[in-house]
Each structure stands twice: as C-alpha cells, then as structure tokens.
Trainee: 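Below are the structure tokens for one structure; questions will follow.
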Amino acid sequence: MKFIRYTHGSAVYTGILKDNAIQEINGDIFGDWQYTGKTLAVADVTLRAPLVPNQIIGIGANYVSKIEDLPSELPKIPVFFFKPASSVIGPEEEILIPEGIDKVKFESELAIVIGKEAKNVPESEVLDYVFGYTVANDVTAPQFFHQDGHWTIGKSFDTFTPLGPVIETELDPFTVNVEAKLNGVEKQNSGTELMIFPIRTMVSYLTKVMTLKPGDVILTGSPLGAEFVGAGDIIECQIKEIGTLRNSFVLEKEHVNSFS
C-alpha cells in the first residue's frame, strides 16, 4: 500500500494512493485506521511529507561504487547522526540554502519507516519492525560541519529533509535502485546491494543502542554522485517502486524577500 499525506483546502489528510486516486483514511497508520469513503484525484491536492517523523536518524558514507569495493569487515561503530523533525518538507517544496553560503549538497536516499517499538532486535527479525519505505533527500551544508567532525549543524537546517511522495509498505528494499537527477541529468543510480552497512545490520545495531518507536525514520545512506547545487536547481530523488521526490533550491534571503 502507498500511504500519503496531503492538503485539501486548509486541512491535512492521510490517504491510500491507488491508480492515481487517493482514498481518504482516518486513524493511526501504525495501528488502527479506516477508510472514510472519500476519494480525490492527486491533481486536486497538495502533497505533503508522507509522515511527521518521531525522529530522524541518518547513516553516513554508506555506499561503494561497485560490489568489489565492499569491505570484508564492517567498522565496529557506524557513523550515525540525527536530523530534527523540523527539517522535514514534502514534494515540490523549496529547499532553503542558508544565508552565508550559496551552495548545498543533495543526497538521494532510501528511508525506512519504523512501524512498531523495537529494542535489541536481531538482524533476522528487523523487517518485522519496518512499516514501509519512502524517498529522502538528506540535504547537507558541509560548510557548517564542526572541525572535530560533528555533522549536526550542517544537516539540521529547516527544509533539509524532504520526504515523499508516499510510504510504500510493499517493497523489497534489497532489489531497488536509489537515483537522482539534477536539472534532468542523472547524477546517482545505485542498487541497495552497494550499501556498506546493509539495512538489517544498521537497524539491528540501532536497536541495541536505543529503542526505536513507530514513526522513526532511518536514512540509509546516499550513493556516490551527490553534488553541490545552488539556487534555481531542481533535484529529483527517485526510487521507481516508490516514486519521485522533486524539490527546488532557493537562497533563504530570496525566499524571505519574496514574502516581504
């Protein structure tokens, strides 16, 4: 199923996307929900991020260029980082480039949505705790990375975590490609088999450190090919089985001026 959030009029709704039509639902997507009987065309709504995450956890430097480059032994401690929920936006929304710089990086990623509380989960059971998957753009301003290697500031600006367009619950995450097009030109296209820390390994590791909750989002890393981009550029992050997450970049100062 494809779960979707959208605005129609002044309210935000949740629905199921099927054959380009949205069937509205009520309730908790991680628990009990029901169809309301209302149906809308996608063209008549504004898409939002498919969920408001509980928390967002990313993993850094998690792809190689070819299978032969995968390490024979994994690092003992993966490079994880947090991103604030306030950084989330949806499809077609503008990504704001912070004042003081003129370029940021896009990073197209497969995002895991946790569906139930998970603690000390063995790798063999990880997928039982996954609700579904969406597309993420882990926008990054490395100019704001701390000299000692801390990434939080450079990952945390408002609008730096586009998600969408849907949460796909029926997906084999091991057979998909993570892609990105910048202004229509392909920049990223790698299969998830090129992950250094595979999905089961990274989620199991996290559950040994912290309790994961329904609505937690895990960004699984970005393939090689991410680039710096500037105002006016358009990025399309895509996993064909989920959809395309399209956003444009604008300087924060210009964005403020456009509303003055």
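Only this structure's heavy atoms are used, side chains among them; waters, hydrogens and symmetry mates stay out. In this text the structure is predicted, and so the values were computed from the model without any measurement.
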Trainee: Determine yes or no for a side-chain-to-main-chain donor-acceptor pair under 3.5 angstrom, with Thr159 supplying the side chain and Leu96 the backbone.
Mentor: yes
Trainee: Can you check side-chain contact (heavy atoms from CB on, under 4.5 Å) on Tyr6 and Thr46, steps first, answer last?
Mentor: CA-CA 5 Å; Tyr6 57 95; Thr46 300; over 6 Å; no
Trainee: How many angstroms lie between CD1 in Ile114 and OG1 in Thr207, if you round to the nearest 0.5 Å?
Mentor: 9.0 Å
Trainee: Report yes or no: does Asn62 contribute a side-chain atom to a donor-acceptor pair with the main-chain N or O of Ile59 at less than 3.5 Å?
Mentor: no
Trainee: Decide, yes or no, whether a salt bridge links Glu227 with Lys105 under the criterion of side-chain N to carboxylate O below 4.0 Å.
Mentor: no
Trainee: Could you grab the distance from atom NZ of Lys155 to atom OG of Ser87, nearest 0.5 Å is fine?
Mentor: 10.5 Å
Trainee: Just checking, any donor-acceptor pair under 3.5 angstrom between side chains of Gln34 and Asn26?
Mentor: no
Trainee: Phe3: what forms a ring-ring contact (aromatic ring centres under 6.0 Å, His included) with it, not counting sequence neighbours?
Mentor: Trp33, Phe131
Trainee: Is the closest side-chain donor-acceptor distance between Ser222 and Glu109 under 3.5 Å?
Mentor: no
Trainee: Testing Lys187, Lys240, Gln188 one by one against Glu179 for a side chain to side chain donor-acceptor pair (under 3.5 Å), which residue passes?
Mentor: Lys240
Trainee: For Ile67, look at atom CD1 and say whether over 12 heavy atoms of other residues, nucleotides or ligands are found less than 6.0 Å away.
Mentor: yes
Trainee: Output the distance between atom CD (Glu125) and atom CZ (Arg200), rounded to the nearest 0.5 Å.
Mentor: 11.5 Å
Trainee: So how far is it from Asn54 CG to Leu212 CG, rounded to the nearest 0.5 Å?
Mentor: 9.5 Å
Trainee: Assess the pair Phe157 and Phe144: is the distance between their ring centroids shorter than 6.0 Å?
Mentor: yes
